[in-house]
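Below: one structure, written as structure tokens.
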Amino acid sequence: MTWTGPRLEDMLDDLATSSADILGDGLFYAAPGGQRLPMRGYVDFGEQQQDIQTGKVIAQDIRVELPIATCPARPTGLARLTINALPGLVFKPIDIVRSEDGRHWAFNLEKVVA
């Protein structure tokens, strides 16, 4: 007997989106020239060491992963994001890559100065 039902591999995009909807962080994403759209993705707040002329400092590092099924167009540095946990701050994506599983856009954020 051969299985003809759905396979897990066929449902991975839906699972990525559903997982982000349940476990993800709230944010707004605006593609260049587009509207601000509410989305859910994974926001990781970390720290990184930065070199400055007088030595090294620790700076906040924010990494975001958005399901490609939710955000099909590759983000660019012209896109803008706001994170619900940091109201009033606007960010742009930098260092944009696909995640190892190929189902998310992964990028760091840089604060946009008005």
Quiz prompt | Student check: side-chain heavy atoms of Leu66 and Tyr42 closer than 4.5 Å | solution = no
Self-check item: Closest heavy-atom pair and its distance - Pro93, Pro75
Solution: CG-CB, 4.1 Å
Exercise. Can you measure from CG (Asp101) to CD1 (Ile68) and round to the nearest 0.5 angstrom?
Key: 8.0 Å
Quiz item: Between Leu27 and Gly41, what is the shortest heavy-atom contact and its length?
Solution: CD2-N, 4.2 Å
Quiz item: Does the side chain of Tyr29 reach to within under 4.5 Å of the side chain of Pro38, using non-hydrogen atoms?
Solution: no
Exercise. Indicate yes or no: at least one non-hydrogen side-chain atom of Met39 is less than 4.5 angstrom from one of Cys71.
Key: yes
Self-check item: Heavy-atom side-chain contact between Arg80 and Val112 under 4.5 Å
Solution: yes
Self-check item: Contacts of Arg74 that satisfy side-chain contact (heavy atoms from CB on, under 4.5 Å) - sequence neighbours left out
Solution: Ile96, Trp105
Quiz prompt | Distance-minimising heavy-atom pair for Ala31 and Ala79 | solution = CA-CB, 4.4 Å
Practice problem: For Arg63 and Asp95, work out which heavy atoms get closest and say how close. | Solution: NH1-O, 4.3 Å
Practice problem: Supply the atom-to-atom distance Asp25 CG to Asn84 CG, rounded to the nearest 0.5 angstrom. | Solution: 8.5 Å
Quiz item: Considering residues at least two apart in sequence or located in another chain, which fulfil the side-chain hydrogen bond (donor to acceptor under 3.5 Å, both in side chains) criterion with Arg36?
Solution: Thr82
Self-check item: Contact summary for Ala106 and Glu65, nearest pair of heavy atoms
Solution: CB-CG, 3.9 Å
Practice problem: Report the distance from atom NZ of Lys111 to atom CG of Leu89, rounding to the nearest 0.5 Å. | Solution: 5.5 Å
Self-check item: Inter-residue atom distance His104.NE2 - Arg98.CZ, 0.5 Å rounding
Solution: 11.0 Å
Self-check item: Those residues that, when tested against Leu109, pass side-chain contact (heavy atoms from CB on, under 4.5 Å) (two or more places apart)
Solution: Ile62, Val64, Leu81, Ile83, Phe91, Phe107
